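Because the structure is a prediction, the values reported are computed rather than measured.
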Amino acid sequence: MPSGLTGGSGLTERLEVSTPRGSLTLRARYVDSAWGTAAIVAPGTLETLLGDDTTAYAAWLRADDDGVDDLLADLDAATAGTDASVTPLVEQRNWISTQLDIVVIAVVGLLGIGVLIALIGIGNTLGLSVLERSRENALLRALGLTRRQLRRTLATEGVLLSVVATLIGTAVGVLFATIGVKVMVQPSIPEAVMVLPYGQLAVVVVVAALAGLVACVLPARRAARTAPAAGLTAD
């Protein structure tokens, strides 16, 4: 029996059911289900309660993903000319799945645009850093820093910049997600809990580090190509 019908909490109880054939004590278990306000019993229990005085009210059919259209057409043909009606919940499920797919695609698209903007931002930041610190880089080169070491320094700076930003964004996102679950979801579904995809979050951090490494290629190449003498005399 649905928990909302009696306010049960999933505990097993004894209920006395009265019918024209007499009374019968049943062991009830309250669950959250899609059966609405229906009490589900076994066919043998139903026969004991009502005997042959039963009328079919609804029949539930479980359909596979393949051949759904053919099944619905057969059901419509079988119920033609009767008072029976066919409610294809599978179409509702497919419609909801389509809407969720559209939302996911839109979110992924926005995420891709955000990643592209982040790459451009990191590249611009490192490019400005190279221009503003041309004398410092040239001084390091004059003191013995090789071109490879200078490129590694700028690559480390780009990776740190992207990873730190990713960690801060992830922490803020998890905080807002936790608040959203507690404020919007748990009042309707108390047993709902938020599960963090640690593996996916780790992949995001790794991808961000690689993105920062890619974004620093052009600025690092430009800084390494500048001769120490030309860098020291730059304005």
Does atom [atom1] of [X] have more than 12 heavy-atom neighbours, drawn from other residues, nucleotides or ligands, at distances under 6.0 Å?
X: Gln99; atom1: CD; value: yes
X: Met194; atom1: CE; value: yes
X: Glu136; atom1: CD; value: yes

To the nearest 0.5 angstrom, please state how far the [atom1] atom of [X] sits from the [atom2] atom of [Y].
X: Leu24; Y: Glu16; atom1: CG; atom2: CD; answer: 9.0 Å
X: Leu145; Y: Leu139; atom1: CG; atom2: CG; answer: 10.0 Å
X: Leu49; Y: Thr45; atom1: CG; atom2: OG1; answer: 6.5 Å

Assigning hydrophobic clusters by single linkage (Ile, Leu, Val, Met, Phe, Trp, Tyr; side-chain heavy-atom cutoff under 4.5 Å), is [X] placed with [Y]?
X: Leu213; Y: Val163; result: yes
X: Leu26; Y: Leu46; result: yes
X: Val107; Y: Ile113; result: no
X: Val203; Y: Leu167; result: no
X: Leu111; Y: Ile105; result: no

Does Gln149 use its side chain to pair, donor to acceptor, with the backbone of Thr146 at less than 3.5 Å?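 A pair under 3.5 Å: yes.
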In short, side-chain hydrogen bond (donor to acceptor under 3.5 Å, both in side chains) pairs touching residues 159-187 with sequence neighbours left out are none
Nearest heavy atoms of Leu154 and Ala223, plus distance in Å: CD1-CB, 3.7 Å
On a heavy-atom basis, which atom in Arg151 and which in Ala224 lie closest, and how many Å separate them?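 What the structure gives for the nearest pair is NH1-CB, 3.7 Å.
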Checking Arg225 against Arg147 for the side chain to side chain contact (heavy atoms under 4.5 Å, CB included) test, could you report, in this order, the C-alpha distance in whole Å, the side-chain angles of both residues, the deciding distance, and whether it holds? CA-CA 8 Å; Arg225 286 182 176 179; Arg147 291 184 177 180; 5.5 Å; no
